[in-house]
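Working notes for the structure below.
We name chains A, B, ... by the order of the sequence lines, and we start the count at 1 in each one. In this text, all values refer to a predicted model and were calculated from it rather than measured experimentally.
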Amino acid sequence: MGNDPNPDAGTAAAVDFQVVQDSPEFTELRKRHRSFVFPMAVAFLLWYFAYVLLADYAHDFMSTKLWGNINVGLLLGLLQFVSTFAITTWYVRYANKKLDPIATDIRHSLEDEGVGLPEDTK
Amino acid sequence: MRHAVNIPLAVTAEDIKDSTWINILIFALFVGVTLVVVLRASRNNKTAADYYAAGRSFSGGQNGTAIAGDYLSAASFLGICGAIAINGYDGFLYSIGFLVAWLVALLLVAELLRNTGKFTMADVLSFRLRQRPVRIAAAITTLAVCFFYLLAQMAGAGALVSLLIGIDSRLGQSLVITVVGALMILYVLVGGMKGTTWVQIIKACLLIAGAFIMTVWVLALHGFNLSELLGAAVETAGNPQLLNPGLQYGVSEASKLDFISLALALVLGTAALPHVLMRFYTVPTAKEARRSVVWAIWLIGAFYLFTLVLGYGAAALIGPEAIKSAPGGVNSAAPLLAFALGGPVLLGLISAVAFATILAVVAGLTITAAASFAHDIYANVVRKGQVDSAGEVKVARRTVVVIGVVSILGGIGAQGQNVAFLVALAFAVAASANLPTIVYSLFWKRFTTQGAVWSMYGGLGAAIVLIVFSPVVSGKETSMIPSADFAIFGLNNPGIVSIPLAFFLGWLGTVLDKNREDASKQAEMEVRSLTGVGAEKAVDH
């Protein structure tokens with residue numbers, strides 16, 4: 001369709017992606033990615049639903065006053081904000097350090113072989 | 001309890017009517033400025049890539065602000081403030097769910113989708129599956145989600161303006177919605193994605209700044225002490241339960257289940273919203289995509305902390321009963337609070353910002369729906385790819401007009417409902433129809449076309465049928481059709497049934513599928529999604 005943002009990159013025909021997929025570099029990249037995001041996703045979803053169930057079924061506990069009018073429910077809610085910010089920062093550090101270097105290497109070597117955008121995007 | 005409040009509490013629609021002209025003036029000024037920006041930004045819109053993905057030319061910070069702009073819709077500002085002011089702690093769940101949901105997008109979806117180097121969600125989903133069926137299904141779910149989201153925005157626009165100019169007749173509000181629709185069509189036709197991105201950036205800054213000023217103001221009135229603010233809210237409302245969970249959702253076992261359903265829809269919906277997904281394609285590199293999500297998370301998180309203060313502030317300074325009886329009802333809490341704090345000038349400013357918010361979000365949604373129709377159904381299915389980029393843009397423009405008209409009609413039907421609640425329905429539809437297929441196609445090698453089609457149609461169908469037979473549509477005074485009662489499904493939000501069902505159907509459809517998908521395409525998609533090969537703009541060449 002003539003809207004390729006990077007017109008000098010050729011087609012993907014020359015590269016066998018299954019070979020790349022099985023290469024040790026790519027296997028390592030996938031392992032590093034999944035070993036971070038899967039456990040982390042499970043962890044924050046458990047923590048979120050624990051909070052939701054407490055707010056739904058443990059009214060007395062959540063209504064316990066801590067300081068003045070601040071109760072347990074408000075504190076746990078605000079801690080959801082804190083954990084979201086913390087996981088975000090953690091992931092960015094991990095991705096910059098552990099994922100990006102390998103991903104960039106693989107990308108450069110593929111682009112040197114002439115791989116561009118997927119065909120029907122052009 | 002010590003009180004620092006000496007503000008006239010009885011803010012009524014009559015007080016606000018006196019300032020109609022100031023509101024209209026500020027509003028017109030703002031719309032004029034944004035239109036000029038759109039015109040200037042859109043001079044270089046030539047190809048389909050420019051029109052949809054802004055030529056991948058935005059930085060992470062700019063794009064993150066635009067994502068926040070897309071996401072912080074009327075639901076976040078008017079809806080959440082109103083929900084907290086009236087239902088207290090139960091309204092807070094919206095803020096938490098809307099924010100935590102971004103972790104799903106950040107960790108599992110955003111970068112991987114962006115790296116595959118496509119334009120629309122349907123492009124990505126049909127990457128390694130059979131093109132036609134998956135593309136049509138994905139385009140239909142995109143249109144459905146955009147439609148529900150648009151309804152909510154239109155309901156918000158109606159509430160806001162009816163408060164501003166004291167229009168509470170149904171006909172008057174319908175007229176207002178028609179004007180918003182016409183403006184929005186103009187925006188999108190002229191600007192394309194690049195134009196709407198700039199509108200989102202400007203509007204996000206104004207909205208966050210406006211909310212910040214009001215937050216500081218409310219806190220200052222209560223000695224910068226959150227506990228004192230909460231105490232004042234309880235005193236005005238005359239109900240200590242405002243601070244505790246259960247005020248809205250604790251009344252019965254069914255409503256408790258509804259709370260879980262809502263929580264599920266909120267946390268899983270974000271990563272499947274087509275207009276948010278589309279924003280990931282407007283940045284040049286994978287690193288910028290990640291950076292933009294991080295920006296968005298910080299901005300959105302900060303904003304939701306403001307809404308907590310604003311919601312309880314509205315409860316303290318105006319009171320739940322006064323809010324409910326104002327024109328616009330629950331959605332008028334934030335503008336009423338602005339009036340109580342800073343009189344007509346602040347009301348005018350905040351309303352203009354809220355109005356621009358709705359306009360910009362509507363524009364973003366419309367262009368997503370238009371792109372989905374023009375690119376996925378028209379260019380790739382009807383014309384089988386035999387269409388040039390100019391022809392595709394022409395169809396996209398016509399689709400914008402059609403969607404504009406449909407959303408105006410829908411908005412007229414959805415008047416008077418809480419905007420955050422209506423948006424939660426769009427989230428439930430997105431999480432049911434799109435998320436299972438997105439997750440499976442990124443992470444499950446064996447996933448097949450049949451699984452995708454079953455999951456998308458099954459999830460979409462279940463969500464819509466359950467909404468139709470819920471108290472949202474009939475059986476209660478607040479329903480869309482209060483005179484009829486066919487609400488056989490007891491929950492307001494369908495998520496708890498439709499989301500697991502869609503995941504199950506995706507699995508079932510795949511294991512029962514006798515066909516195998518092309519393994520080399522799966523390999524290509526996986527390699528591309530993790531490395532971003534070819535999708536980086538030529539920055540390192």
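Tyr48(A) contributes a side-chain N or O that, together with a main-chain N or O of Ala263(B), makes up a donor-acceptor pair within less than 3.5 Å. Distance alone, capped at 3.5 Å, is enough to place a donor-acceptor pair between the Tyr89(B) side chain and the Gly73(A) backbone.
Nearest heavy atoms, Met62(A) versus Pro245(B): CB-CG, 3.5 Å. Shown here for Arg290(B) and Ala95(A), the closest heavy-atom pair between the two residues is CZ-CB, 3.3 Å. Annotation for Lys256(B) and Tyr57(A): closest pair CD-CE2, 3.4 Å, computed over non-hydrogen atoms. What you find for Leu108(B) and Ala41(A) is that their closest heavy atoms are CD1-CB, 4.3 Å. Of all heavy-atom pairs between Gly532(B) and Glu111(A), the closest is O-OE2, 4.5 Å. Scanning all heavy atoms of the two residues, the minimum distance from Gln80(A) to Val100(B) falls at OE1-CG2, 3.6 Å.
Atom CZ of Arg34(A) sits about 14.0 Å away from atom CG of Leu107(B), to the nearest 0.5 Å. The line from OG1 of Thr531(B) to CD1 of Ile106(A) is 6.5 Å long, rounded to the nearest 0.5 Å. For the atom pair Leu530(B) CG and Arg30(A) CZ, the distance stands at 8.0 Å (nearest 0.5 Å). Atoms OG and CG, from Ser255(B) and Asp56(A) in turn, are 7.5 Å apart once rounded to the nearest 0.5 Å. Distance check, rounded to the nearest 0.5 Å: CG of Leu230(B) to NZ of Lys65(A) gives 8.5 Å. Taking CG of Leu110(A) as the reference point, atom CZ of Arg528(B) lies at 8.5 Å (rounded to 0.5 Å).
Counting only heavy atoms from C-beta outward, the side chains of Leu103(B) and Tyr91(A) never approach each other to under 4.5 Å. By the 4.5 Å heavy-atom criterion applied to side chains, Glu228(B) and Asn69(A) are not counted as neighbours.
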- Evaluate the side-chain contact (heavy atoms from CB on, under 4.5 Å) criterion for residues Ser95(B) and Phe81(A): first the C-alpha distance (whole Å), next the side-chain angles of each, then the deciding distance (0.1 Å), finally the verdict. CA-CA 9 Å; Ser95(B) 308; Phe81(A) 280 72; 4.2 Å; yes
- Test log, rule side-chain contact (heavy atoms from CB on, under 4.5 Å), inputs Leu78(A) and Phe92(B): CA-CA 10 Å; Leu78(A) 292 174; Phe92(B) 192 32; 4.2 Å; yes
- side-chain contact (heavy atoms from CB on, under 4.5 Å) assessment of Val52(A) paired with Phe259(B): CA-CA 8 Å; Val52(A) 167; Phe259(B) 188 77; 3.8 Å; yes
- Audit row: Asp60(A), Asn244(B), side-chain contact (heavy atoms from CB on, under 4.5 Å) steps and yes/no: CA-CA 9 Å; Asp60(A) 292 341; Asn244(B) 302 332; over 6 Å; no
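Counting heavy-atom pairs closer than 4.5 Å to chain B, the top-ranked of the candidates Leu29(A), Leu74(A), Leu53(A), Val20(A) is Leu74(A). With chain A as partner, the option from Leu93(B), Leu305(B), Leu226(B), Val294(B) having the largest number of non-hydrogen pairs under 4.5 angstrom is Leu305(B). With respect to chain B, the highest number of heavy-atom pairs below 4.5 Å among Val72(A), Asp22(A), Asn96(A), Thr89(A) belongs to Asn96(A).
For Trp47(A), no part lies near chain B; criterion is any non-hydrogen pair under 4.5 Å. Neither the backbone nor the side chain of Ile300(B) comes within less than 4.5 Å of any heavy atom of chain A. Within the 4.5 angstrom heavy-atom criterion, only side-chain atoms of Leu45(A), from C-beta onward, approach chain B. Contact of Val104(B) with chain A is made through backbone and side chain together, with heavy-atom distances under 4.5 Å. With a 4.5 angstrom heavy-atom cutoff, Ala302(B) touches chain A only via backbone atoms. Looking at Phe127(B), only its side chain comes within 4.5 Å of chain A, counting heavy atoms on both sides. Looking at Leu229(B), neither its backbone nor its side chain comes within 4.5 Å of chain A, counting heavy atoms on both sides. In this structure, no portion of Gln241(B) lies under 4.5 Å from any heavy atom of chain A. Using a 4.5 Å cut-off between heavy atoms, Trp102(B) makes no contact with chain A at all.
For Gln21(A), the side chain to side chain donor-acceptor pair (under 3.5 Å) partners at least two apart in sequence or on another chain are Gln522(B), Glu526(B). Residues passing the side chain to side chain donor-acceptor pair (under 3.5 Å) test with Tyr249(B): none are found, sequence neighbours excluded.
The environment of Trp444(B) atom CH2 is dense: over 12 non-hydrogen atoms of other residues, nucleotides or ligands sit within 6.0 angstrom.
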